[in-house]
Amino acid sequence: MARITYKTKNEDKVPSVTTVLGIMDKPALKFWANKIGLQGIAVSQYVDDKAMIGTLAHYIIECYLKGEQPDFIGYKCDNGQIEQAKVCVKKFFEWESYQEQFEPIASELQLVSEQHQFGGTIDCIAKLNGKITLIDFKTCNA
């Protein structure tokens, strides 16, 4: 899928939150990448595979929140990635079942800070158990 371009009201392009945070030193990633490499796994392929699974899981949840059926045309993925994404989505449904109230207000909402000059996408804003809540979906093992 295409990367999102964030722009100010004046149509000036601004970086994403992910890009801004990408400049931070992440020493733990070096150890993780070394560990993966020592297992004979190509790190870039591994990361791309997991990123696609996360993207698909987010897409399936977004479709659910909007009352739409997922259509994977346009996604460069395989059936194994779709199935792994569905496992992640099952965890979302499990989490949702524990909530007294979950009323989505918006999903995949793109915002730009004119003051700070960066953009980002909010996974979900919902009324959760009586409170307006910002929700960030995660697909990691933890």
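- Annotation for V14 and G119: closest pair CG2-N, 3.9 Å, computed over non-hydrogen atoms.
- At least one donor-acceptor pair under 3.5 Å links the side chain of E114 to the backbone N or O of K9.
- In this structure, the side chains of F137 and V89 stay at 4.5 Å or more apart for every pair of heavy atoms.
- Listed here is the closest heavy atom pair of S107 and E62: OG-CG, 3.6 Å.
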Practice task
Would you please test N129 and Q99 for side chain to side chain contact (heavy atoms under 4.5 Å, CB included) and show each step?
Solution key: CA-CA 7 Å; N129 303 326; Q99 308 311 311; 3.1 Å; yes
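- Hydrophobic clustering keeps Y59 apart from I125 (ILVMFWY residues linked when any side-chain heavy atoms are closer than 4.5 Å, directly or through intermediates).
- Contact check for E108 versus D123: side-chain heavy atoms found under the 4.5 Å cut-off.
- Side chains of Q81 and F72 form no contact here, defined as non-hydrogen atoms less than 4.5 Å apart.
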Handout entry: Test log, rule side chain to side chain contact (heavy atoms under 4.5 Å, CB included), inputs K35 and W32
Key = CA-CA 5 Å; K35 178 182 171 187; W32 171 82; 5.6 Å; no
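- Considering CG of D78 and CD of E83, their distance stands at 10.0 Å, rounded to 0.5 Å.
- For the atom pair CG (L65) and CD1 (I60), the distance works out to 12.0 Å, reported to the nearest 0.5 Å.
- Grouping the Ile, Leu, Val, Met, Phe, Trp and Tyr side chains by contacts below 4.5 angstrom, directly or via other members, places Y64 with W95.
- I135 and I122 are not part of a single hydrophobic cluster, where members link through side-chain heavy atoms under 4.5 Å apart.
- Counting only heavy atoms from C-beta outward, the side chains of D136 and K138 approach each other to under 4.5 Å.
- Residues G120 and V17 share a closest heavy-atom pair of CA-CG2, 4.2 Å.
- Here the side chains of C77 and I82 are in contact, with some heavy-atom distance below 4.5 Å.
- Listed for the D71 side chain is a donor-acceptor partner under 3.5 Å among the backbone atoms of I73.
- Rounding to the nearest 0.5 Å places CG of N34 at 10.0 Å from CD of Q39.
- Interatomic distance, CZ of F93 versus CD1 of I61, reported as 7.0 Å (0.5 Å rounding).
- In plain terms, the two heavy atoms of I105 and K127 that are nearest each other are CD1-N, 3.9 Å.
- Note: Q101 CD to L128 CG = 7.5 Å, rounded to the nearest 0.5 Å.
- No single ILVMFWY cluster, assembled from side-chain heavy atoms under 4.5 Å apart, contains both L29 and F31.
- For E100, the CD atom counts as loosely surrounded, since its 6.0 Å shell holds 12 or fewer non-hydrogen atoms of other residues, nucleotides or ligands.
- Remark: the backbone N or O of K131 is paired with a side-chain donor or acceptor of T133 at under 3.5 angstrom.
- Clustering ILVMFWY residues whenever any of their side-chain heavy atoms sit less than 4.5 angstrom apart, transitively, puts V112 in the very cluster that holds I4.
- Remark: K50 qualifies as a cation-pi partner of Y46 under the 6.0 Å distance and 45° angle criteria applied to the six-membered ring.
- For the pair A126 and F102, the tightest heavy-atom approach, listed with the atom from each and the gap, is CB-CE1, 3.6 Å.
- Residues A33 and V43 come closest through the heavy atom pair O-CG2, 3.6 Å.
- The local environment of CD in Q69 is sparse, with at most 12 non-hydrogen atoms from other residues, nucleotides or ligands closer than 6.0 Å.
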